[in-house]
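Worksheet: one structure, shown below.
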There are 2 protein chains.
Amino acid sequence: MKISAQEEYGLRCLLQLASLGEDETLTLGDIAKKEGISQANAGKLMWLLNKGGFVKATRGTKGGYSLSRPSKEIYLSEVIKVLDDDEIEGHCESYTGVLDSCVHKGDCGIRPVIIGLHEIVQNALSDITLAQLLGTEKKVDERFHRIHGLKQVSVNIGK
Amino acid sequence: MKISAQEEYGLRCLLQLASLGEDETLTLGDIAKKEGISQANAGKLMWLLNKGGFVKATRGTKGGYSLSRPSKEIYLSEVIKVLDDDEIEGHCESYTGVLDSCVHKGDCGIRPVIIGLHEIVQNALSDITLAQLLGTEKKVDERFHRIHGLKQVSVNIGK
DNA sequence: TCTAATCTTGACATAAAAGTAAGGATTTGA
DNA sequence: TCAAATCCTTACTTTTATGTCAAGATTAGA
């Protein structure tokens with residue numbers, strides 16, 4: 001249950017765009033430099049993000065990337081889905097061991113855990129927009145914990 | 001943000017042991033067969049789980065594996081940590097791109113997200129024991145959602 | 001129209017994760 | 001004491017994810 005490299009760097013690239021002013025753009029070279037990755041790698045990530053509809057690109061001199069909509073309207077849950085090519089649907093068809101289908105046919109105590117976990121993560125991510133990640137570390141951390149603090153508290157009470 | 005193969009199969013093997021009666025054990029061959037994986041693979045997973053202190057193994061004829069403590073006392077958070085070799089600590093040292101250290105030195109809006117997400121997942125997992133995963137799919141699903149339903153509700157209220 | 005700057009795309013190389021194999025170590029029971 | 005059954009450990013192979021490269025396509029501006 002780790003974040004993948006593609007998720008991490010893709011999100012970072014997107015945040016670079018989110019921090020731009022109106023009408024500003026960044027080229028692949030800019031992004032690569034700012035995130036300390038190769039231009040080729042940045043290119044691939046931006047291509048994914050473009051396909052996912054988060055950024056728009058213009059080619060040619062004076063070209064570059066910018067967000068395709070305001071950072072307030074881009075939720076982490078969507079971004080992660082695109083970057084990690086996330087499909088919980090096919091899970092039970094892919095983890096079959098050496099067999100043709102999962103051995104836990106019909107009734108399975110693990111499936112709800114896998115799916116439930118996925119829900120929890122998606123849920124947490126769907127509360128957060130790119131815009132909320134722009135401040136300083138301290139501010140972002142506070143925001144993040146304010147959002148999820150509620151969950152924490154209620155569980156403790158519930159116990 | 002996916003569950004790894006090692007996490008999935010490791011957890012399943014552990015559940016096989018959790019479903020045993022008192023004084024029963026399973027050999028690698030048994031476990032492999034029940035989960036539809038190779039014996040070699042089961043061996044590796046059980047070795048990890050043994051190192052992690054979740055199971056005890058006895059060698060020789062009549063040997064096999066059993067849980068090292070009651071399934072009520074084994075939390076998913078611990079199991080996952082062992083199976084995925086989960087270390088959020090070193091995160092900022094490993095995702096450095098081509099550089100020696102992460103470009104987001106000092107102040108970083110992404111770190112709290114990565115760490116926060118990790119917290120959320122760990123938190124969800126630390127509410128669940130192996131014992132709670134033993135029933136039928138329906139029951140397990142209900143249990144899972146009863147635990148996390150609270151979180152969901154409070155967030156909606158909070159909004 | 002031409003050139004330089006830029007994104008796009010698919011093929012390729014490299015690194016990491018997953019899975020396999022084989023020989024060694026330990027235990028039971030004859 | 002010996003043999004069979006079992007776990008343990010390390011090295012290797014295969015598969016998957018990551019990252020790179022090079023040629024192509026598009027645009028702005030001279």
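First the proteins, then the strands, lettered A, B, ... as listed; each starts at 1. Values below: every heavy atom of this structure, side chains too, minus hydrogens, waters and symmetry copies.
The side chain of A:Tyr65 contributes an N or O atom lying less than 4.0 Å from OP1 or OP2 of C:dT8. Phosphate proximity of C:dA18 to A:Tyr95: absent, as no side-chain N or O sits under 4.0 Å from OP1 or OP2.
As a whole-Å value, the separation of A:Asn41 CG from C:dC12 P is 19 Å. Residue B:Leu28 contributes atom CG, which lies 14 Å from atom P of C:dT20 at whole-angstrom precision. The interatomic distance linking A:Asp85 (CG) with D:dT16 (P) rounds to 13 Å, in whole Å. Rounded to a whole Å, the CG atom of B:Leu83 is 14 Å from the C1' atom of C:dA17. Atom pair B:Asp30:CG and D:dC7:C1' shows a separation of 13 Å (rounding to whole Å applied).
Side-chain atoms of B:Asn41 and B:Glu35, non-hydrogen and from C-beta on, never get closer than 4.5 Å to each other. Contact annotation: the side chain of B:Leu28 approaches that of B:Tyr65 to within less than 4.5 Å [non-hydrogen atoms, C-beta and beyond]. By the 4.5 Å heavy-atom criterion applied to side chains, B:Asn50 and B:Val55 are counted as neighbours. Side-chain contact check for B:Val121 versus A:Ile120: every heavy-atom pair is 4.5 Å or farther apart.
Looking at A:Ser68, its side chain does come within 3.5 Å of a backbone N or O of A:Gly53 through a donor-acceptor pair.
For DNA chain D, no neighbouring residue in residues 31-39 of chain B is found when judged by any heavy atom under 4.0 Å. For the segment residues 43-58 of chain B, residues with any heavy atom less than 4.0 angstrom from an atom of DNA chain D are, sorted by number, B:Trp47, B:Asn50, B:Ala57, B:Thr58.
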Any protein N or O atoms within reach of nucleotides 28-30 of chain C? Criterion: under 3.5 Å, listing atom names and distances.
none

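In this structure, A:Ala40 reaches the bases: a heavy-atom distance under 4.0 Å links it to at least one base atom across the strands shown.
Not counting sequence neighbours, A:Lys72 has no partner by the salt bridge (Lys or Arg N to Asp or Glu O under 4.0 Å) test. Residues satisfying the ring pair (Phe, Tyr, Trp, His ring centres under 6.0 Å) test with A:His91, not counting sequence neighbours, are A:Tyr95. For A:Arg111, the salt bridge (Lys or Arg N to Asp or Glu O under 4.0 Å) test picks out B:Glu137, with sequence neighbours left out.
Listed candidates were C:dG19, D:dT18, D:dT20. Nearest to the side chain of B:Tyr9 is C:dG19.
Within 6.0 Å of the CD atom in B:Glu24, the count of heavy atoms belonging to other residues, nucleotides or ligands exceeds 12.
Residues B:Ser126 and B:Asn123 bring no donor and acceptor atom of their side chains to less than 3.5 Å of each other.
The two residues A:Thr25 and A:Ser66 make their nearest non-hydrogen contact at CG2-CB, 4.3 Å.
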